[in-house]
Amino acid sequence: MDERETIERVARWLKASRITVVLTGAGISTESGIPDFRGPQGVWTRDPEAEKRATIQHFMASRDARVASWKYRRASTVDAALPNAGHFALAELERKGKLQALITQNIDSLHIKAGNSLARIVEIHGTVRDFVCMGCGERGPIDRVIARVEAGEEDPPCRTCGGILKSATIAFGQNLVAEDLERAQSAASSCEVFLAIGTSLTVTPVALLPRYALQAGAKFVILNAQPTPYDRAAAAVIRGPIGEVLPAIVDLV
Ligand code: NAD
């Protein structure tokens, strides 16, 4: 079956589905200029040591790691990035009443910028929009901390308790928020169509979500340029660029 036929088939499934759940990964944001981790130009494909530096243990134990992380964040393009055609297609799918839950591993806020409603999104790996204090749990807009870094504080401490501040993202070695994981699992367990978009499906526990969907008898669709461990279990796999394939599917729904 060629790609166009598969696109039409997936669109028919979406049209017929009463509950559709989408899981997105870093691959939906590469066309917005944010590199993924494991694609050909991925951060870890190019620098395997970076994976070790991304752990919570390293961040908590090393002031140098925190200084480097705030410096990296100041220079990063993530705050200025704009949604692309793939993100807009998912916002359109929601407007069409055909997207019940959007689980994202991305921390870049681009689904929200594209117009998906926060109530339907589970940001399972957190968000760069906020900071959190690792001591007292205080949370707020990250801009406040970035302003302090720009004013010369290399590793700004919490103003309430003196604890270590971090962006409200989930680092490797850090537990997910239990409530978010439950929402994601319950959505996957009750859907009729489950779309995995731009994810290598290798980061657990998120990578286990397709199993819940498959157990529920959902049609499982993968949109990803590279193979994933689930390709054989999927009802359809599409390799074309997300920014082209996803709008083409949503147009037909
Ligand atoms: P990943 O890097 O493991 O895999 C991304 C996949 O997307 C790759 O298989 C790649 O081939 C595919 N891909 C990239 N661009 C594509 C395109 N235009 N069309 C089709 N396929 C494309 O990503 P992951 O599975 O999300 O896991 C990475 C982890 O890193 C996640 O936990 C996420 O939190 C984090 N992360 C987030 C961002 C972000 O917020 N944008 C960026 C990098 C990493």
Side-chain angles (χ1 to χ4, degrees), residues 3 6-7 10 22-48 50-56 59 69 72-73 76-90 102-114 116 121-130 142 166-177 180-181 184 194-210 221-231 234 236-249:
E3 189 172 283
T6 312
I7 285 173
V10 172
V22 169
L23 167 67
T24 60
I28 196 170
S29 294
T30 55
E31 291 169 55
S32 292
I34 302 175
D36 58 14
F37 281 168
R38 298 179 189 79
Q41 295 304 313
V43 176
W44 293 345
T45 311
R46 289 149 62 111
D47 175 11
E51 186 165 0
K52 287 186 206 141
R53 293 199 298 268
T55 64
I56 188 69
F59 183 89
S69 142
Y72 177 79
R73 176 57 197 272
S76 130
T77 51
V78 70
D79 300 292
L82 296 172
N84 64 57
H87 298 102
F88 287 122
L90 290 180
L102 173 52
I103 305 160
T104 186
Q105 297 169 86
N106 296 343
I107 53 176
D108 55 28
S109 262
L110 290 182
H111 289 306
I112 292 167
K113 286 187 189 169
N116 282 110
I121 299 180
V122 184
E123 292 177 305
I124 198 107
H125 290 160
T127 171
V128 293
R129 288 187 307 278
D130 293 339
I142 193 106
K166 182 185 166 300
S167 73
T169 51
I170 309 284
F172 280 84
Q174 204 175 354
N175 289 333
L176 301 191
V177 176
D180 289 342
L181 186 58
F194 186 94
L195 248 73
I197 302 173
T199 169
S200 59
L201 293 173
T202 53
V203 180
T204 52
V206 175
L208 302 176
L209 292 175
V221 179
I222 294 176
L223 260 64
N224 202 63
Q226 291 174 303
T228 81
Y230 282 98
D231 287 4
V237 177
I238 306 179
R239 298 255 179 258
I242 293 162
E244 290 172 24
V245 172
L246 201 47
I249 294 173

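Order of appearance sets the numbers: ligands from 1, and atoms from 1 within every ligand. Computed from a predicted model, the values in this text were never measured in an experiment. Computed over heavy atoms, backbone and side chain alike; hydrogens, waters and symmetry mates excluded.
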Under the 3.5 angstrom rule, does the side chain of S32 hit a backbone N or O of I34 as a donor-acceptor pair?
no
To the nearest 0.5 angstrom, please state how far the CG atom of N84 sits from the OG1 atom of T30.
7.5 Å
F88: partners by ring pair (Phe, Tyr, Trp, His ring centres under 6.0 Å), with sequence neighbours left out
none
Counting only heavy atoms and a distance below 4.0 Å, can you name the residues contacting ligand 1?
G25, A26, G27, S29, T30, E31, I34, P35, D36, F37, R38, Q105, N106, I107, D108, H125, G198, T199, S200, V203, N224, A225, Q226, G240, P241, I242
Side chains of residues 197-209: which donor-acceptor partners sit under 3.5 Å, not counting sequence neighbours?
unit_1: T199; atom_1: OG1; unit_2: Q105; atom_2: NE2; d: 2.9
unit_1: T199; atom_1: OG1; unit_2: L201; atom_2: N; d: 3.0
unit_1: S200; atom_1: OG; unit_2: T202; atom_2: OG1; d: 2.8

Just jot down the side chain to side chain donor-acceptor pair (under 3.5 Å) partners of N224, sequence neighbours excluded, or say none.
none
Aromatic plane relationship, H111 with H87 - under 30° parallel, 30 to 60° tilted, over 60° perpendicular
perpendicular
